[in-house]
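The sequence lines fix the lettering, A, B, ..., with proteins before strands; numbering per chain opens at 1.
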Protein chains: 2
Amino acid sequence: MSKLKKIPKGKVLNCIRRIRLARTNLTQAELGKLVGATRQTIIAIEAGKYAPSMELAFRIVREFEVPFDEVFSFDPDGS
Amino acid sequence: MSKLKKIPKGKVLNCIRRIRLARTNLTQAELGKLVGATRQTIIAIEAGKYAPSMELAFRIVREFEVPFDEVFSFDPDGS
DNA sequence: ATATAATGTCCAAAATGTTTGACATTGAGC
DNA sequence: GCTCAATGTCAAACATTTTGGACATTATAT
């Protein structure tokens, strides 16, 4: 009688790539350097391989000068 | 010639405790259960010991039914 | 005074995010 | 053709977040 409600982890979505290309001329490596991360990390996050830490997420939206929720959203049932 | 610009990690601030007590009657354990985390995790995050993952942060603001930036903010130079 | 709920602490292990270095692919320009 | 910058991939180390269990403190109620 499985009464255990498993909370699905959900998936964090982002449009970093779109904003990076639309609002800046930054490469992944350059963005990484500006926000204190490596280019591999930017690649992985843009590709949705994993969600960034809160700190990194805030540094990214700050660099872009856009509101947080314009870059990151949440799909509760995703993946 | 230290040309290395260290990006400070910065500190993520939250007012989970205030909202939990003001807008809900939830205990830390109950909130934890609702958002799929343990009570130790809620305690640590409320106490500012570390920032939550993106997933957990989104599940929390979702439970509270308040905008993301009403709960979480960023102090770029903090700690 | 003792019972109970809520909060807090500590610790080790598990899970997730990040770095480093190396190498592969793609597209643009010469 | 070739070169070069940008992007992508992989694996191993490392850092941070999360868990589970045990135990302590505080306040409230009986």
Check: B:L26 and B:L21 side chains under 4.5 Å, non-hydrogen atoms
no
Spell out protein contact along nucleotides 14-30 of chain D as letters: B when the base is contacted, S when just the sugar-phosphate is, - when no protein heavy atom is under 4.0 Å; keep the 5' to 3' order.
---SBBBBB--------
Between P on D:dT7 and CG on A:N25, what's the gap in Å once rounded to a whole number?
11 Å
Nucleotide C:dG17, atom P - distance to CD1 of A:I16 in whole Å:
13 Å
Could you tell me the separation between the CD atom of B:Q28 and the P atom of C:dT7, rounded to a whole number of Å?
4 Å
How many whole angstroms separate atom CG of B:L26 from atom P of C:dA5?
17 Å
Side chains of B:R20 and B:F64: closer than 4.5 Å at any heavy-atom pair?
yes
Roughly, in whole Å, what's the span from CD in A:E46 to P in C:dT18?
14 Å
Does B:R17 put a side-chain nitrogen or oxygen below 4.0 Å from OP1 or OP2 of C:dG8?
yes
Could you check if a side-chain atom of A:D75 sits within less than 4.5 angstrom of a side-chain atom of A:V12, using non-hydrogen atoms only?
no
Do the side chains of B:R39 and B:E30 get close enough for a salt bridge, i.e. N-O under 4.0 angstrom?
no
Between A:R20 (CZ) and D:dA6 (P), how many Å, whole number?
10 Å
Round to a whole Å and report the spacing from CD1 of A:I43 to P of C:dT18.
14 Å
Could you label the plane-to-plane angle of the B:F74 and A:F58 rings as parallel, tilted or perpendicular, counting under 30° as parallel and over 60° as perpendicular?
parallel
Integer-rounded Å distance: C:dT16 P and B:R59 CZ
11 Å
Flag the pair A:D69 / A:V71 as yes when at least one side-chain heavy-atom distance between them is below 4.5 Å, and no otherwise.
no
